[in-house]
Amino acid sequence: MIKVAILSYWHVHAQDYTNDTLHHPDTEVVAVWDEIPARGQKKAAELGVPFYEDLHELFANPDIDGVVITTPTVMHRDVMIHAAEAGKHIFTEKVIAPTNDEVEQIIEAVNKHNVTLTVSLPRLNAGYTLAIQQLLADKVLGELTLVRTRLSHDGATQGWLPDHFFGKQECGGGALIDLGCHPVYLARLFMGMPESVSANYGYVTGKEVEDNAVTTFRYSNGGVGIVEAGFVNKFSPFVIEVHGTLGSVLYSTHDEKLWLRAGDDTAWQEVTIPADRETAFQQWVAHIQNGTKATENIGLAIDLTRLVQASNQSAAEDRPVSL
């Protein structure tokens, strides 16, 4: 049994990962820490486990095997490095950290102390993503010319997103670094790393961080990636469009179907969507048990921070940023 501590209930998905830990047959929650003690004490009492006020004391406990890190984004570097130094395996909410320098420091510590790191990038494991990857591997679309990925909700306009998600100091950004991470890593998965990034941010509700964002990726072959994210769109479906010289594939949650038209097709054809792959949490547990590493997951997570940081810089300086 892998004994896991939950480090903070700051993030909206912290309870989801707590549930993952509780429901997995090979993991159990044994401790809680939170940068806001009252919040952590309440959760620990609900779970019937000890609350640690001192994070170093938690890390010193040899009975704790791994940690789920859902602290404020700007705390990721310090918490993850200390966890790695203590020999604790790490499962974390995206992003690994808000800057490239911080990510490099975390990866160095993880490698040095030989702990298992896995990042929650859930749409990598969705059946529609796997189906699109297979079409690309089979060259059905020819040379890719454009990928558009979109994810948006109404958390800012309807007031259900926590107020602290709009604090630049805590989050390192707004709609793009949070919700936009998913379309960013999907665009990166399908098209690779671009040569430059250009971003435009909107502030519909007047928050400290952007609540509406578009970032574009430019590729050396003339291809373009378009990533859209927002906290101000009530009925916007999640969308993937992948276009190439021989065809296109479309997916949207408005009908939850995958459509392909390629070659000599005279109409759109529905593509069978396979079952989802194991979740990132399940993969983390398996890597710990098997002594393996989440190589693809970590590589995409590293590139995710590179693309988010470049987008933030582009929006702030109103210019393209080369990678």
Side-chain angles (χ1 to χ4, degrees), residues 11-17 19-21 24 66-71 73 76-77 80 89-100 102-104 106-107 110 115-134 136 147-153 171-173 175-194 197 213 215 217 225 227-229 238-240 242 251 253 273-288 292-311:
H11 201 280
V12 294
H13 292 311
Q15 186 60 50
D16 296 331
Y17 304 136
N19 294 340
D20 287 340
T21 309
H24 195 290
V67 293
V68 169
I69 296 179
T70 39
T71 66
T73 308
H76 278 199
R77 175 185 58 182
M80 288 190 204
H89 302 295
I90 300 167
F91 181 84
T92 185
E93 175 63 27
K94 46 70 182 161
V95 291
I96 296 178
T99 70
N100 300 326
E102 291 172 292
V103 169
E104 288 178 3
I106 291 167
I107 298 301
V110 165
V115 299
T116 297
L117 169 67
T118 304
V119 185
S120 181
L121 307 176
R123 292 174 192 269
L124 292 180
N125 307 310
Y128 49 77
T129 300
L130 303 179
I132 293 171
Q133 284 185 280
Q134 187 60 57
L136 298 183
V147 168
R148 175 177 174 251
T149 49
R150 174 171 181 78
L151 186 59
S152 187
H153 59 51
C171 305
L176 189 77
I177 199 171
D178 178 61
L179 202 59
C181 279
H182 303 290
V184 167
Y185 65 68
L186 288 175
R188 155 65 185 89
L189 177 70
F190 299 143
M191 289 197 81
M193 283 295 282
V197 173
T215 186
F217 304 156
V227 170
E228 305 166 2
F238 169 61
V239 172
I240 300 174
V242 183
Y251 176 81
T253 51
I273 298 175
D276 293 349
R277 193 162 54 185
E278 285 187 319
T279 68
F281 184 86
Q282 291 169 329
Q283 292 173 31
W284 179 57
V285 173
H287 284 304
I288 294 171
T292 52
K293 300 298 182 184
T295 305
E296 179 188 31
N297 172 276
I298 294 171
L300 287 166
I302 292 170
D303 287 347
L304 171 60
T305 290
R306 291 181 63 199
L307 292 166
V308 168
Q309 179 174 301
S311 297

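Note that the numbering runs from 1 along the sequence shown for the chain.
For the salt bridge (charged side-chain N to carboxylate O under 4.0 Å, His left out) test, residues two or more places apart in sequence or in another chain that qualify with Asp303 are Arg188, Arg306. Applying the salt bridge (charged side-chain N to carboxylate O under 4.0 Å, His left out) criterion to Arg148, with sequence neighbours excluded, gives Glu228, Glu241. For His11, the ring pair (Phe, Tyr, Trp, His ring centres under 6.0 Å) partners two or more places apart in sequence, or in a different chain, are His13, Phe165. Scanning for side-chain contact (heavy atoms from CB on, under 4.5 Å) contacts around Gln133 gives Thr129, Leu130, Leu189, Phe190, Glu296, with sequence neighbours left out. In this structure Tyr17 satisfies the ring pair (Phe, Tyr, Trp, His ring centres under 6.0 Å) test together with Phe91, sequence neighbours excluded. By the side-chain contact (heavy atoms from CB on, under 4.5 Å) test, Gln309 pairs with Thr99, Asn100, sequence neighbours left out.
Considering every non-hydrogen atom in both Thr73 and Cys171, the closest pair reads CB-O, 3.7 Å. Scanning all heavy atoms of the two residues, the minimum distance from Gly127 to Ile273 falls at C-CG2, 3.4 Å. In this structure, Ala97 and Thr305 approach most closely via the heavy-atom pair O-OG1, 2.8 Å. The two residues Asn297 and Leu121 have their closest heavy-atom pair at O-CD1, 3.8 Å. Of all non-hydrogen atoms in Arg150 and Phe238, the two that sit nearest each other are O-CD1, 3.0 Å. Of all heavy-atom pairs spanning Leu124 and Arg277, the tightest one is O-NH2, 3.0 Å.
Annotation: the span from Asp16 atom CG to Asp20 atom CG amounts to 7.0 Å, rounded to 0.5 Å. Between atom CZ of residue Arg77 and atom CD1 of residue Ile106 there is a gap of 8.0 Å, rounded to the nearest 0.5 Å. We find the OH-OG1 distance between Tyr128 and Thr253 to be 8.5 Å, quoted to the nearest 0.5 Å. With rounding to the nearest 0.5 Å, the separation of OG1 in Thr295 from CG in Leu300 is 11.0 Å. Here the CD atom belonging to Gln15 is positioned 10.0 Å from the OG1 atom belonging to Thr70, to the nearest 0.5 angstrom. Here the CD1-OG1 distance, from Ile90 to Thr118, works out to 10.0 Å after rounding to the nearest 0.5 Å.
Taking 4.5 Å as the limit, some side-chain heavy atom of Thr21 sits within range of a side-chain heavy atom of Phe281. A heavy-atom distance below 4.5 Å is found between the side chains of Ile107 and Leu117. Side-chain contact between Phe217 and Met191 is absent, with no heavy atoms from C-beta onward closer than 4.5 Å.
Between Gln283 and Asn125, the side chains place a donor N or O and an acceptor N or O closer than 3.5 Å (distance only, hydrogens not considered).
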Report the C-alpha distance between His182 and Lys94 in whole Å, list the side-chain angles of each, state the deciding distance to 0.1 Å, and finish with yes or no for side-chain contact (heavy atoms from CB on, under 4.5 Å).
-> CA-CA 9 Å; His182 303 290; Lys94 46 70 182 161; 3.4 Å; yes
